[in-house]
Amino acid sequence: MLNLQDLSYQEIQNLVKEQGFPKFRADQLMDMIVRAKDWSECTNLPKAMVEKLSKEYFATSVKVVEEFKGKDGAKKYLYALRDGNVIEGVYMPHNYGDTLCVSTQVGCRMGCSFCASGIGGLVRNLTAGEILGQVLVANRLNGGTPEKRAVTNVVLMGSGEPLDNYDNVIKFLALVSSEKGINISPRNISLSTSGLADKVKMLADTGIPVTLTISLHAPTDEKRSRLMAVNRKFNISTLIDSAKYYFEKTRRRYIFEYALVEGENSDEESANELAKLLKGLPCHVNLINLNYVKEKGLKGVKNDLVSRFTEVLEKNGISVTTRRSMGNDIEGACGQLRRKYLESENYLKKKDEE
Ligand code: SAH
Ligand code: SF4
């Protein structure tokens, strides 16, 4: 079976034509896709059309199976895919717009030492339609329509390394920003990467104006390689070169994510090294405290250390914000919810039934 959400407006038009239906049906199909409707809800389409297309295509590809509400208004979703795999996402209402964090892969193969998403390795890439499907269903569940969206911003910061699923992510960016689709501008989209420098350059060459976020997490190769295996392939200097290239091509500032980890990257020396590394770059630093992941053993730091680290950066003229970690009380960190689910009885029971 194919997924209707994988198709562009042009491809929907071709499909309608090939199948012998009048042209205006393409717009109706598109409207149904944006509203995340299933075939059974498409009462404005002729029965024969629904019957024919539903034999070949799923109308939706992701279903919310559980929803957890945080105290701060954040909602965490556990989604099921058509093949039974599960992924997760977070919906975060802000005063400047409502942001959805989406996953790009089931699992991840980058193996960062603090992250729950990588624990079981990579299971598979998501298709463009499955990434889009998360946006569409979250928009629907939060009362959004194509005219008045409940999701206005997207961050590719759920599980998975977006640039390790490059082609599908690029296609997703086209689908999600299509005027006939949900029409979220790439300027309202942030793509976070663990540092695949070669792909950062490819992304820059596409000219798609997404905000680039780089998970730096350490100021020296020695410290970074301990936390992130990817640093052995693309070291800090190669990574910064790719960020500079991105700026040259797009004129857009980029963001460095930096999670403070006890005993690894959070002391005064690290703050000074980071300040030196980033001095003069058109960048911004997002400082976060590490979310504790029980399987990983690494811990975050005390709040006064976060303030001290921030001060050092500010003193050196580096633009920095301390991100409040939304959804902390609902397993907000990358991949934690899915892990919990995979471990749960619920999952074991389902496996037994298979
Ligand atoms: N794979 C991409 C995007 C998904 S991870 C990347 O690594 O950038 C999204 C962000 O969450 C990254 O900055 C990642 O480093 C961070 N992250 C992962 N595990 C975390 C944890 N336990 N606490 C805080 N941040 C974490
Ligand atoms: Fe993958 Fe990002 Fe987690 Fe690293 S931090 S394991 S790249 S999802």
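Predicted model, so just to flag it, every value in this text is computed and none were measured. Ligands are counted one by one from 1 in listed order, and the atoms in each one are counted from 1 as well.
Compare Y258, Y292, F114, F256 by their heavy atoms: the one nearest to atom 20 (C) of ligand 1 is in F114. For the residues M110, M157, Q105, the heavy atom positioned nearest atom 9 (C) of ligand 1 is part of M157.
Between atom 3 (Fe) of ligand 2 and C115 there is an N/O/S contact shorter than 2.8 Å.
Here is the list of ligand 1 atoms found below 4.0 Å of a heavy atom in V293: 22 (N). Taking a cut-off of under 4.0 Å to the non-hydrogen atoms of T193, the atoms of ligand 1 that pass are 6 (C), 8 (O). Of all atoms in ligand 2, numbered sequentially from 1 with element shown, those under 4.0 Å from a heavy atom of S194 are 7 (S). The ligand atoms of ligand 2 that sit less than 4.0 angstrom from a heavy atom of C108 are 1 (Fe), 6 (S), 7 (S), 8 (S). Shown in contact with C115 at under 4.0 Å from a heavy atom are these atoms of ligand 1, numbered in order with element: 18 (C), 19 (N). Near G160, with a cut-off below 4.0 Å to any heavy atom, the atoms of ligand 2 are 8 (S).
At a 4.0 Å cut-off, at least one heavy atom of G158 sits close enough to ligand 1 to count as contact. Residue contacts with ligand 2: S159 is excluded, as none of its non-hydrogen atoms falls under 4.0 Å.
Remark: ligand 1 and S192 share an N or O pair separated by less than 3.5 Å (distance only, no angle test). Ligand 1 has no nitrogen or oxygen under 3.5 angstrom from a nitrogen or oxygen of A259. Looking at G160 next to ligand 1, an N or O pair under 3.5 Å apart turns up.
D27 has a carboxylate O that lies under 4.0 Å from a charged side-chain N of K180, or vice versa, which qualifies the two as a salt bridge. Using a cutoff of 4.0 Å between basic side-chain nitrogens and carboxylate oxygens, E41 and R35 are not scored as salt-bridged. Under a 4.0 Å N-O distance rule, the pair K199/E161 does not qualify as a salt bridge.
Taking the six-membered ring where the residue is Trp, Y91 and Y77 present tilted rings, their angle falling between 30° and 60°. Ring geometry for H217 versus F114: interplanar angle over 60°, hence perpendicular rather than tilted (30 to 60°).
If you look at E161 next to ligand 1, the close heavy atoms, those under 4.0 Å, come from the backbone and the side chain alike. In I288, the part holding a heavy atom less than 4.0 Å from any atom of ligand 1 is the side chain. By the criterion of a heavy-atom distance under 4.0 Å, both the backbone and the side chain of C112 are placed next to ligand 2.
No side-chain donor-acceptor contact under 3.5 Å links D304 and S307. With hydrogens and angles left out, the side-chain atoms of S194 and S215 include no donor and acceptor closer than 3.5 Å.
Distance alone, capped at 3.5 Å, is enough to place a donor-acceptor pair between the D83 side chain and the N85 backbone.
The environment of K296 atom NZ is dense: over 12 non-hydrogen atoms of other residues, nucleotides or ligands sit within 6.0 angstrom.
Here the rule is side chain to side chain contact (heavy atoms under 4.5 Å, CB included) with R25, and of K17, M49, Q13 only M49 fits it.
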